Colleague: 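For reference, the structure I am asking about is given below.
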Amino acid sequence: MKTLNDFNFETKKALIRVDFNVPLNASFEVTDATRILSAKPTIIKILEDGGSCILMSHLGRPKGFQDEFSLKHIVSKVEDILGVGVKFVNDCVGETAETAAANLEPGEILLLENLRFYKEETAGDTAFAEQLSKLGDIYVNDAFGTAHRAHASTTIVAQFFEGKKCFGNLLAQEIESIDKVMQTGEKPVLAILGGAKVSSKITIIENILDKVDHLIIGGGMAFTFVKAQGGKIGNSICEDDKMELALDILKQAKEKNVQIHIPVDTIAADDFSNDANTQTVAISAIPDGWEGVDAGPKSRAQFHEVVLASKTILWNGPLGVFEMESFAGGTIALGNSIAEATKNGAFSLVGGGDSVAAVKQFNFQDKVSYVSTGGGAMLESLEGKTLPGIAAILS
Ligand code: AMP
């Protein structure tokens, strides 16, 4: 796996695919700069080596050149975070971009205009990728968030940098973290899958059964398993057409010696609202008119034991409707358990969509080993797929 350490960037121009697809408010101010911060180590390392950085990214989903999606809006934020001046060029290919790149001196940074102003970017157009490739000497991919897309700047461009391409620090860290769970993790390995639907996690479950010793199935997903086994789940969220599959997963787990943990009790609510009346009930005896919205105290205690006994932990998906304060307790308890296990030496990876939101909301990000920056990319990695952006660097 080629990383920044395999190259000497002195006097070289690094063409870096970053993920600066950051949220902006109505005044075009960056409201969450996590992605810019995540790219900082790669950029600084190359500058310190005596190289220069040409940064390329997409922002939003523009249709052609649209000023509101211009990356010019984020220049001052990028400068603040990097502590270095950033030049901006209002195109990402063609003469203007090429001149700006050619004039770049060691130690300088150039930010290109939004790649997605060209439809060729998402189409993975080879001629467009070749135009991009003219801008730099070495291609660095540091955008995990788009590594599952075979776009021009994330994948296709790599073919023009034979022997001159590598992963940035962020992408390398993401790959290592996933490998630690899926391949090299110290046993016992635990995966915690929560969230709303079984259907969105089936491929992950099937892939992960070969890698883990324990699997906690929580959140809304659990009710399909409970009902399939004959439990009464009241109005809880359930995918009836996935009950067969749920039973099959339980059977497969048994054959593969994976211990499955499903909540034994739940906080049931008489309405899907923060102010609903609640009661704690056995998960397989939820009264009619009530729905399970969070893990109950016995489940939290059981999960705590499993988490603390594990050396490698993957967490994807909340244990309850954490967006509502009244139903966030199970997710917070789980976060605390994982934080404790991590403090005791376990490796913990949190990734994929809503679990990252939960981790940020409840400030667990510094108490787990790694929080993935990629939603879809993370989920596809857990499904066992080789991401095109990663394969393009390895080939
Ligand atoms: P996912 O995107 O599949 O990870 O699902 C995340 C969503 O699952 C969050 O918005 C949670 O509110 C929701 N969720 C978790 N537990 C439940 C539950 N018991 N009932 C309904 N929704 C839930």
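It should be emphasised that the depicted structure is a prediction, and the values quoted were computed from it without experimental measurement. Counting starts at 1 for both ligands and their atoms, following the listed order.
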Colleague: Under 4.0 Å between a Lys/Arg side-chain N and an Asp/Glu carboxylate O for D240 and K227?
Modeller: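 The answer is yes: the pair qualifies as a salt bridge.
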Colleague: May I ask you to check if ligand 1 and G292 share an N or O to N or O distance below 3.5 Å?
Modeller: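 Min N/O separation from ligand 1 is below 3.5 Å for G292.
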Colleague: Taking only non-hydrogen atoms of F327, do any sit less than 4.0 angstrom from ligand 1?
Modeller: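 Flag not set, F327 not near ligand 1.
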Colleague: Considering only NZ, NE, NH1 and NH2 on the basic side and carboxylate oxygens on the acidic side, decide whether R17 and E121 come within less than 4.0 Å.
Modeller: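 E121 and R17: salt-bridged.
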Colleague: Does an N or O anywhere in G194 fall below 3.5 Å from an N or O of ligand 1?
Modeller: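 For ligand 1, there is no N or O atom that lies under 3.5 Å from one belonging to G194.
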Colleague: Of all the atoms in ligand 1, which lie at a distance below 4.0 Å from a heavy atom belonging to I237?
Modeller: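 Selected atoms, number and element: 20 (N), 21 (C).
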Colleague: Quick check: G220 and ligand 1, any N/O pair under 3.5 Å apart?
Modeller: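 Yes, there is a polar N/O contact under 3.5 Å.
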Colleague: What's the shortest distance from atom 7 (C) of ligand 1 to any protein heavy atom, and which residue and atom give it?
Modeller: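 Protein heavy atom with the smallest distance to atom 7 (C) of ligand 1: D354 OD2, 3.7 Å.
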Colleague: The criterion is salt bridge (charged side-chain N to carboxylate O under 4.0 Å, His left out); which residues satisfy it with D32, sequence neighbours excluded?
Modeller: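 Partners of D32 by the salt bridge (charged side-chain N to carboxylate O under 4.0 Å, His left out) criterion, ordered by chain and then number, come out as K360.
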Colleague: Checking contacts here: is it the side chain or the backbone of M221 that comes within 4.0 Å of ligand 1, counting heavy atoms only? Could be both or neither.
Modeller: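 Within the 4.0 Å criterion, M221 makes no contact with ligand 1.
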Colleague: Is it true that the side chains of D248 and Q252 contain a donor and an acceptor less than 3.5 Å apart?
Modeller: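 Looking only at side-chain atoms, Q252 and D248 do form a donor-acceptor pair, the distance falling under 3.5 Å.
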Colleague: Out of all atoms in ligand 1, which are within 4.0 Å of some heavy atom of V293? Include the element for each.
Modeller: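 Counting atoms of ligand 1 from 1, those under 4.0 Å from V293 are 19 (N).
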Colleague: Heavy atoms only: which of S199, S200, G320 lies closest to atom 15 (C) of ligand 1?
Modeller: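 Among S199, S200, G320, the closest heavy atom to atom 15 (C) of ligand 1 belongs to G320.
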Colleague: Looking at atom 9 (C) of ligand 1, what's its closest protein heavy atom, distance included?
Modeller: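 Going atom by atom, the protein heavy atom closest to atom 9 (C) of ligand 1 ends up being E323 OE2, 3.2 Å.
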Colleague: Quick one: nearest non-hydrogen protein atom to atom 3 (O) of ligand 1, plus distance?
Modeller: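 Closest protein heavy atom to atom 3 (O) of ligand 1: A196 N, 3.3 Å.
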Colleague: Just do the side chain to side chain donor-acceptor pair (under 3.5 Å) check on T42 and D142 with the steps written out, would you?
Modeller: CA-CA 8 Å; T42 291; D142 210 21; 2.7 Å; yes
Colleague: Below 4.0 Å, non-hydrogen atoms only: which portion of V321 touches ligand 1? Side chain, backbone, both or neither.
Modeller: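 Near ligand 1, V321 shows its backbone as well as its side chain.
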Colleague: Below 4.0 Å from any atom of ligand 1, is there a heavy atom belonging to K201?
Modeller: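 A heavy atom of K201 does come that close to ligand 1.
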Colleague: Between I208 and I178, is there shared hydrophobic-cluster membership here, with clusters defined by ILVMFWY side-chain heavy atoms closer than 4.5 Å?
Modeller: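 They do share one cluster, since a chain of ILVMFWY contacts under 4.5 Å joins I208 to I178.
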Colleague: When rounded to the nearest 0.5 angstrom, what distance separates OG1 in T3 from CD in E176?
Modeller: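 Going from the OG1 atom of T3 to the CD atom of E176 covers 8.5 Å.
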Colleague: Working to the nearest 0.5 Å, report the span between OG1 of T373 and CZ of R35.
Modeller: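 That separation rounds to 7.5 Å.
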Colleague: For ligand 1, which atoms have a heavy atom of F223 less than 4.0 angstrom away?
Modeller: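 Listed by number with element, the hits are 19 (N).
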Colleague: Any salt bridge linking K187 with D213? Criterion: basic side-chain nitrogen under 4.0 Å from a carboxylate oxygen.
Modeller: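 Yes, K187 and D213 are salt-bridged.
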